[in-house]
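Right, one structure below, let's go through it.
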Amino acid sequence: MAARTAPLAPHRPGRDAGRSRGKWRPRRFVAAWALGWWRGCPGVDAVLSPAIAGLLPLAARRDPRLSCCLRACLAVQGMKLSKAQYDEIAQFLGHVQPTRQSLRKLKEKFPSQSQSTLLSIFSQEYQKQIKRTHAKHHTAEAIETYYQRYLNGVMKNAAAPVLLDLANEVDFAPSLMARIVLERFLQEKEQAIPATWLAFGNEIQCTWLRSQIIKFPSSKTLINSMLRDPSQIPDGVLANQVYQCTVNDCCYGPLVDCIKHAIGHEHEVLLREMLLEKNLSFIAEDQLRAKGYDKTPDFILEVPVAVEGHIIHWIESKASFGDESSHQAHLQDQFWSYWNRFGPGLVIYWYGFIEELDCHRERGILLKDCFPTDIVTLRHSMAQR
């Protein structure tokens, strides 16, 4: 472990528990309300269900309104799957489109599996598919074809969901299709420099002006802002088309990103509450980042504990299903770095994981699909003696 420049202030149960439990967080209620409003959308369900069950007891202590809202969204928890079970589900999803009808078929095909696990796998498999086909949708020919089809479509009927239908037809995420057309639209507008500007400047000035106009408006920051708030788009028809794509995209786009971020944060809050309830002293990720640590787990335990006979120094919360590709990426980018710096630790995949991936226990990385109930502390161990 790298040397500390100053001692970090850990969260001590006796001092911090009261302050954490006595607050009502309006943002949490708003996030839960938004999730309830979006209930039924596959991408939203995929990031929602496992969090709800765990948050219910905490919500009941804070405010009955939040508890009622979460209960309305309640679904079963995630679970571990064998590699064979996962492959069967992934193979089935490879032959269906990401629609609510496909979700119903998925649940009917695998009735014994957890709904939240199926929904999470559904979302991840769809994202893998989009990544595999991403390049072909971004060739110059494809972009121009999509843009011309959009123009022809809105010319015939501006109120029709032209972009959404086009995305579904070519099997591409609606939000990503909206981004392609929006970028092409802005590029066209930026290149149309008014003739009056050309009349008052020389060739060098006009070249510089054109470069500045093209450089600034189509920046990634501005496009992201327009996707989040389509009212900023200087074309009412395109703004409406982008909005339709955003609200109907189950796995991509600013709304889904916001919900996923909120649920990921809620899992971290839930884990923090459970650590406090177990009277475990810990150092949170934000404290470690403030001290200059680059890669840090969500929580480092001040005093290690034992889980299923394995020593645990840190805990990482993952609001996702642990499939092979994502888990290998996490191992490479995060988990082994944590292990090298802080020692052995625990990863909680709240949506479940492929059980064969839990093969590094002896090396120091333990996988669970819920908060462990059999934690052995030093105090407990000494009492048994």
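Here the structure is a predicted model, which means the values were calculated and not measured.
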Looking only at the aromatic ring of each residue, does the gap between the centers of [Y] and [X] stay below 6.0 angstrom?
{"X": "F335", "Y": "H360", "value": "no"}
{"X": "W314", "Y": "F342", "value": "no"}
{"X": "W336", "Y": "H330", "value": "no"}

For [X] and [Y], which heavy atoms make the closest approach, and how far apart are they?
{"X": "S320", "Y": "Y349", "value": "O-CD2, 3.5 Å"}
{"X": "I130", "Y": "A173", "value": "CD1-N, 3.6 Å"}
{"X": "C245", "Y": "P174", "value": "CB-O, 3.4 Å"}
{"X": "P372", "Y": "I348", "value": "CD-CD1, 4.4 Å"}
{"X": "E316", "Y": "P297", "value": "OE1-CA, 3.2 Å"}
{"X": "S231", "Y": "D229", "value": "OG-OD1, 2.6 Å"}

Would a 4.5 Å heavy-atom cut-off, applied to side chains only, mark [X] and [Y] as touching?
{"X": "L106", "Y": "V96", "value": "no"}
{"X": "L81", "Y": "I89", "value": "yes"}
{"X": "V305", "Y": "V376", "value": "no"}
{"X": "L118", "Y": "F122", "value": "no"}
{"X": "L119", "Y": "Q115", "value": "yes"}
{"X": "I180", "Y": "R184", "value": "no"}

Rounded to the nearest 0.5 Å, how far does [atom2] of [Y] lie from [atom1] of [X]?
{"X": "S102", "Y": "F92", "atom1": "OG", "atom2": "CZ", "answer": "7.0 Å"}
{"X": "L301", "Y": "S281", "atom1": "CG", "atom2": "OG", "answer": "8.5 Å"}
{"X": "I263", "Y": "E268", "atom1": "CD1", "atom2": "CD", "answer": "12.0 Å"}
{"X": "K83", "Y": "E88", "atom1": "NZ", "atom2": "CD", "answer": "12.5 Å"}
{"X": "S337", "Y": "R341", "atom1": "OG", "atom2": "CZ", "answer": "8.0 Å"}
{"X": "K291", "Y": "L288", "atom1": "NZ", "atom2": "CG", "answer": "10.0 Å"}

Cluster question for you: counting only ILVMFWY and a side-chain heavy-atom cut-off of under 4.5 Å, with indirect links fine, are [X] and [Y] together?
{"X": "V347", "Y": "L270", "answer": "yes"}
{"X": "L103", "Y": "F110", "answer": "yes"}
{"X": "L164", "Y": "F185", "answer": "no"}
{"X": "L366", "Y": "L271", "answer": "yes"}

Can you tell me if [X] uses its side chain to pair, donor with acceptor, with the backbone of [Y] under 3.5 Å?
{"X": "T133", "Y": "Q129", "result": "yes"}
{"X": "K295", "Y": "Y338", "result": "no"}
{"X": "D358", "Y": "L367", "result": "yes"}
{"X": "Q241", "Y": "L163", "result": "yes"}
{"X": "T246", "Y": "V242", "result": "yes"}
{"X": "S225", "Y": "T221", "result": "no"}
{"X": "T117", "Y": "M79", "result": "yes"}

Who pairs with [X] by side chain to side chain contact (heavy atoms under 4.5 Å, CB included), at least two apart in sequence or on another chain?
{"X": "K128", "answer": "Y86, E125, R132, D323, S325"}
{"X": "V170", "answer": "H137, Y146, L166, F172, M177"}
{"X": "E285", "answer": "R289, T296, D298"}

Salt-bridge contact R272-E266 (side-chain N to carboxylate O under 4.0 Å):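 No, this pair does not count.
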More than 12 heavy atoms of other groups within 6.0 Å of E324 CD: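 Result for CD/E324: open.
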Donor-acceptor pairs under 3.5 Å, side chain of residues 306-313 to any protein atom, not counting sequence neighbours: which ones?
{"unit_1": "E308", "atom_1": "OE1", "unit_2": "R361", "atom_2": "NH1", "d": "2.6"}
{"unit_1": "E308", "atom_1": "OE1", "unit_2": "R361", "atom_2": "NH2", "d": "3.0"}
{"unit_1": "E308", "atom_1": "OE2", "unit_2": "K368", "atom_2": "NZ", "d": "2.7"}

Verdict with reasoning, K318 to Q334, per side chain to side chain donor-acceptor pair (under 3.5 Å): CA-CA 12 Å; K318 287 296 179 186; Q334 296 178 297; 2.8 Å; yes
Flag for Q127-S123: side-chain donor and acceptor within less than 3.5 Å: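 Distance-only check passes for S123 and Q127.
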Donor-acceptor pair between E356 and S82 side chains, under 3.5 angstrom: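 Note: E356 and S82 side chains miss the donor-acceptor criterion.
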Mutual orientation of the aromatic rings belonging to H267 and Y351 [parallel < 30°, tilted 30-60°, perpendicular > 60°]: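 Tilted: the ring planes of H267 and Y351 meet at 30° to 60°.
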Distance-only donor-acceptor pairs under 3.5 Å for side chains of residues 152-161, two or more places apart:
{"unit_1": "N152", "atom_1": "ND2", "unit_2": "Q148", "atom_2": "O", "d": "3.2"}
{"unit_1": "N157", "atom_1": "OD1", "unit_2": "A159", "atom_2": "N", "d": "3.2"}

Sequence-distant partners of H134, ring-ring contact (aromatic ring centres under 6.0 Å, His included), two or more places apart: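 In terms of ring-ring contact (aromatic ring centres under 6.0 Å, His included), with neighbours along the sequence ignored, H134 is linked to H138.
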